[in-house]
Amino acid sequence: MDLVFGSVVLGILSGGIYALMAVGLTLSFGVLEVINIAQGMLVLVGAYFSFALEHYWHIDPLVGLLVTIPALFLIGYGIEWAFLRPLRQDRVALSILVTYAVALVMEGLIGLWFGDNFVAIHAWYVDAAVDVFGLYIPYIYILGFALAIVLLGAVYLLLYRTKFGAALRATVQNRDAAVLIGIDVQRISTLTFAIATGLTAAGGMLFGATNAFNANSMLDLISRLLMIIILGGMGSMGGALIASLIMLVSVDVVSVVWTPNWSTFAFFVITVVVMVLRPQGLFGAPPARKV
Amino acid sequence: MSDILEIQGVFAGYGGGDILRGVNLNLEPGTITCIVGPNGAGKSTVMRVVSGVLHPRRGEVRFNGERIDHLSPRQILQAGIVQVPQNRSLFPGMTVEENVRLGAYTLRDRALVDRRLAEVSEQFPIVKERAKDKAGSLSGGQQKLVEFARSLMLDPKLVLLDEPSMGLEPRILGHVFGTMVEMSKAGRTILLVEQNARKGLESSDRGVVMESGRVLLDGPAQGVLSDERIGDLYLGGHVQQH
Amino acid sequence: MKTRAALVALTASTLLLAACGTTTSTSSAAKSPIVIGVSVSLSGDFSGDGKAILQGYQMWVNDVNKQGGLLGRKVQLKVVDDDSTTQQTLTNYTTLIGTDKVNLVFGPFSSLLTIPAEQIAKRYGYVLLGPAGGAPNVFAEKYKGYAFVQPASVVNNLLTFGQMIDALPAAQRPTTVAYATSNDPFTQPQLPPLQAELTKDGVKSVSYQVFPDETPDLTPEALKIVHSGAQVVVLGTTSVPQVQAFVQTFVQQHYTPKAIIATSGPDQGSQFATAIGAANTEGFLVPSGWTPTANTYQNGKFVREYLAKYGGTANAIPGDAPEAYSVGQIMAQMVAKTHSINNATLIKALHDTTFQTVQGPMKFGPYGAPVGGGTFLVQWQSGATQIVWPTSIQQANFEYPKPNWK
Amino acid sequence: MKPNNMLAAGVISLALAILLPLTVLGSSSAGVIAFVVLVLAALWAVYTIEKRRALLTSLIGVIAAIAYPLVFNSTEATTIMFFALLYVAIASSWNIIGGFTGYISLGHAAFFGLGAYTIALVADRLGLSGGYGLFAVALLGGVAAGLFAIPMGYIALRLRTIHSFVIVTIAFLFMYQLLAFNLQDATNGSSGLAVPQPDWSGAFFNIPFYFAALLLAVLTVGLAAWIRNSRFGLGLMAIRDDEDKAAGVGVDTWKHKFTAYVISAVPIGIAGAIYAYFSSYIYPQTVFDPMIDLTIVLSAFLGGMGTLLGPILGSLVLQPAQQLLTLYTGAAGWDLVLFGVLFLVVILLMPSGIVPTVVERMRRARVQEAVRKADALSQDAVPDAAAEGGQG
């Protein structure tokens with residue numbers, strides 16, 4: 001097995017998993033103009049749901065998605081309705097605070113419910129792996145990547161092949177004009193946030209199957225996701241996917257060829273350099289709207 | 001009553017303060033009415049009140065005799081009023097055709113939408129010529145025409161045009177205003193707000209002068225144009241600026 | 001807007017009520033009890049260990065009160081949460097000592113938080129017994145009133161592993177070893193002494209990595225070890241998920257070293273087994289100061305009472321609890337010896353005595369580093385932990401080489 | 001009596017009603033609460049009665065703050081207020097860029113950490129021992145923060161959208177934290193650095209730190225007030241309102257933003273150094289801590305962003321509330337939930353923060369009163385008071 005080859009392959013596969021977590025964040029930014037600090041926590045909520053289903057009722061995590069995705073959809077719906085919709089001015093700034101507070105409440109409740117012990121999601125496909133040129137690729141990574149492609153593909157179709165998608169994209173590009181042509185921006189916002197949160201359930205399950213976690217893992221996760229969506233271009237779904245791959249591959253490769261200590265730093269440098277050369281990110285639209 | 005739109009004693013504003021302070025205005029069907037006035041007079045706010053983006057604190061707005069001042073933008077759109085806002089209002093990342101189709105967002109009948117699209121494309125050739133291009137790649141004047149085209153997708157009775165000349169090169173202004181006159185001839189009522197007062201009034205039937213949230217003068221466009229006080233205050237200076 | 005605000009207000013008040021309902025109030029039954037101030041992590045990153053430490057303290061208080069308390073006075077704990085932050089730890093110990101005027105204090109979890117606690121204790125001249133503050137920088141503070149209540153200071157933690165490897169028959173002795181450690185003050189200092197010893201014994205280092213403690217995904221680090229093909233793996237881990245991350249990749253890549261040891265994680269009982277899978281625990285080594293079966297002072301009683309109170313199995317008892325219990329045992333012995341709860345008097349008594357604890361006998365150097373003692377090695381065998389080294393207290397033979405992952 | 005006077009009187013009597021029983025109880029946490037309520041009531045009352053008496057208000061606030069450790073001399077009370085005052089300085093300083101221009105930085109903790117590492121490294125390399133002299137070294141922390149802010153501001157402010165700015169500042173913070181971990185030779189890595197202990201101790205220990213924090217807070221608030229009332233400040237506010245228009249009327253927006261960014265770094269650097277001296281030991285993750293940023297933003301928002309009083313008020317409420325909440329409910333595990341819920345309630349009820357919300361309410365009441373009076377006079381004419389209100 002070649003070490004660099006291995007880390008590139010695994011980086012790409014786990015990049016897909018991160019994309020699933022980041023897409024929700026970038027979508028809700030694009031449509032609602034909010035930075036959802038609670039996204040990291042929502043990933044963990046999704047992970048805990050899958051864990052609970054598997055641990056207490058022995059429901060396979062993949063099958064469990066049929067329950068956890070709708071559950072997180074509803075949670076997202078509720079969060080938007082209760083906390084984001086009332087925000088009128090300073091949406092970006094206020095959303096940081098509101099969603100952080102929401103994340104704290106969820107962290108506290110999960111801590112009370114599940115305790116602080118680290119848990120991990122188990123399934124036969126988590127530990128088993130297939131041999132590819134001497135590198136064993138775990139099924140969970142292949143599965144996660146496939147799931148990411150399927151779900152992101154579904155979102156793509158929703159965005160580009162439906163009337164709802166057209167309205168959503170219109171809202172992203174010009175919110176005021178969208179109102180004037182009769183788009184119910186509020187309804188679009190709520191549904192987008194709910195869909196984004198629902199997707200996060202899948203990201204959470206995969207995160208939980210590839211890492212051990214507890215409720216405190218939130219802050220680290222959200223900082224990574226934020227870097228991903230800004231590198232990809234905020235609001236851009238394809239950008240989130242590509243940036244996830246760049247992040248995971250660059251971190252993994254720097255870790256093996258140099259040292260893990262500097263790998264995250266290298267990614268930060270890449271992000272900052274890209275931002276300086278191209279402030280809208282790799283795939284972001286140039287800032288048409290006023291800031 | 002024969003007036004298509006009646007605004008009576010409207011007070012409206014943001015965050016507790018009023019910008020409109022007792023506006024009265026009636027529009028006759030099939031005419032072009034142009035509102036002029038200094039910055040902050042409340043011209044655009046009148047537009048927002050009519051299109052339902054802003055609800056008046058006091059007063060009434062009637063459309064074809066029906067109260068509409070409590071309706072949502074969507075309901076007002078369905079009633080037959082369309083606004084073309086002053087800033088660029090196309091969705092730059094979507095194609096011209098997608099943009100125009102979105103003008104009929106509130107319609108569920110697909111066949112009707114296709115039919116309207118065909119009509120509008122005929123009226124505005126650019127819609128057909130650049131159908132698959134991103135709207136953001138069009139020039140300012142072209143974008144304005146596409147916005148007009150989009151606004152006609154619902155076959156509106158009343159079109160609100162908020163400063164269509166803004167940001168456009170002088171040489172294409174004639175084309176834009178000509179298009180507006182054609183729309184009016186097709187039987188649509190038009191309410192126009194124009195910073196370029198002379199140009200706006202020249203293409204209009206009626207002129208309305210606003211100041212400090214109230215209507216100061218209301219009469220035939222030619223009369224307003226030739227009114228000395230108004231000329232000094234709002235026309236001369238602005239024409240030179242442009 | 002109004003409905004929303006009302007809903008939120010309703011939720012808030014419900015939560016408030018619930019919080020009030022769950023707050024436990026400590027009743028002061030006896031006259032003038034001895035109050036011991038404790039600041040531990042009940043929330044935040046260290047809350048798992050913090051809560052286990054609190055269990056140990058509370059068990060000791062129960063035991064000592066059953067025997068009539070200290071100097072005839074009942075003992076009472078005053079517990080505050082440090083939220084796993086140094087800032088709150090500063091506030092907490094300042095409050096406990098300066099404002100609440102508690103008679104004695106016990107230490108928090110981790111070297112990170114022990115230093116601020118040590119600062120405050122030093123400022124007021126309080127004796128501070130730390131169940132989990134053994135990093136070199138804690139001793140570098142040079143406070144005579146501090147003691148680290150574990151059998152070996154951090155730098156010596158892994159040395160017994162070196163001795164055990166050295167003791168293997170020459171034919172079986174491994175030739176290569178891979179190291180990976182978190183950049184944590186608790187783990188990082190443990191590896192260099194072991195590396196020096198193993199190198200001296202002819203075991204070659206084929207990989208040495210330091211990774212940031214916050215990294216959740218350790219796949220590349222694990223791949224690098226797999227790639228090195230080392231026969232022995234030494235992991236400087238601070239938590240269960242770090243061990244889990246390595247093991248997951250090892251399992252997936254079908255790589256089984258002959259021996260694997262981790263500084264922290266395998267000592268977390270059932271939590272460890274849940275995270276890496278019960279079958280995969282087989283053969284895992286961890287340096288430890290305590291096991292439930294060790295024949296040390298009051299250990300049997302401790303284990304019985306722990307299981308009676310918190311349930312579970314003996315192997316599931318987290319190592320923090322007996323460490324905290326030992327803190328209490330030492331305090332009791334110092335008080336009994338000096339007939340005083342005066343901190344200045346107690347500090348003098350800290351240095352010239354050997355104390356008996358559930359972790360075995362203990363003695364401290366001038367700035368609180370344990371002297372003479374050493375850790376022993378514990379190995380997971382058939383789902384239970386067994387002492388495999390030193391041979392004098394051995395419960396089972398060292399299982400070597402480690403069997404394949406399941 | 002005019003309605004705003006009545007409100008002020010109401011606030012004062014409420015404050016007294018809470019204050020008196022608490023002081024009788026005499027517990028030190030009650031002291032903290034009492035102090036906060038007292039200062040807020042004083043600030044508030046004078047502020048709402050007559051804006052022009054701002055100087056008098058500040059004087060009352062400062063005198064109360066000086067008297068505080070003499071009245072409530074328990075170490076708990078002074079420790080908590082030390083942190084609160086430190087955050088008054090930090091949040092007020094952050095407000096110069098975050099509040100005045102609307103560029104929300106979530107990376108100012110980088111300057112806190114730079115200040116902390118500066119004092120630790122300078123003391124270590126020069127072999128300094130603890131004493132009052134180290135407070136002078138703390139000033140170097142501010143200098144270092146200012147110097148580092150120059151390239152950082154240059155890069156971050158090139159991003160014309162606020163969300164990109166926000167996230168890049170977060171990236172900076174994590175980069176510094178990683179540097180502090182990784183540059184072992186200079187920073188001692190994850191083992192952290194010791195700062196020499198002060199040569200005073202015991203019950204007196206907190207007092208010099210308390211007054212250092214107070215002095216820093218007063219100077220920083222003064223600096224912010226001065227900027228706010230200057231032409232420079234006017235330019236900053238214009239940027240917050242509409243950057244394009246500001247540029248249109250001739251404000252050199254780049255120079256304004258950049259200067260504000262660099263200035264705002266300095267007091268935070270000093271605060272970081274004072275903190276390091278107070279706590280005697282620093283780690284990369286405790287001084288380059290994203291939680292510091294969230295606390296700053298929460299404080300500024302709670303009080304009201306862009307106002308002078310807002311960050312002061314927010315810090316004085318939030319710091320004690322957070323610490324007392326953790327101290328007293330943390331053991332039951334409910335502190336996170338309570339804190340989050342309380343915060344949500346405040347944001348939803350007062351989305352623009354306490355100060356602007358109250359000012360707005362009173363302004364509205366005034367306008368409505370004027371409208372009522374005018375309506376009584378004539379149906380048509382509306383007095384100017386309402387028109388002015390519309391601009392505000």
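Both backbone and side-chain heavy atoms feed into the values below; hydrogens, waters and symmetry mates do not. Letters go in sequence order (proteins before strands), and every chain restarts at 1.
- Put simply, the side chain of C:P108 reaches to within 4.5 Å of the side chain of C:T114, judged on heavy atoms.
- Proximity of A:I140 to A:T210: side-chain heavy atoms (C-beta onward) are separated by under 4.5 Å at one or more points.
- In this structure, C:T249 OG1 and A:Y136 OH are separated by 14.5 Å, a value rounded to the nearest 0.5 Å.
- Note on A:V126, A:T259, A:D131: by heavy-atom pairs under 4.5 Å with chain C, the leading option is A:V126.
- Proximity to chain C is absent for every atom of A:V119, based on heavy atoms less than 4.5 angstrom apart.
- With salt bridges taken as basic N to acidic carboxylate O contacts below 4.0 Å, one links A:R85 and A:E80.
- Heavy atoms of A:Y141 lying under 4.5 Å from chain C belong exclusively to its side chain.
- Heavy atoms of A:I121 lying under 4.5 Å from chain C are absent altogether.
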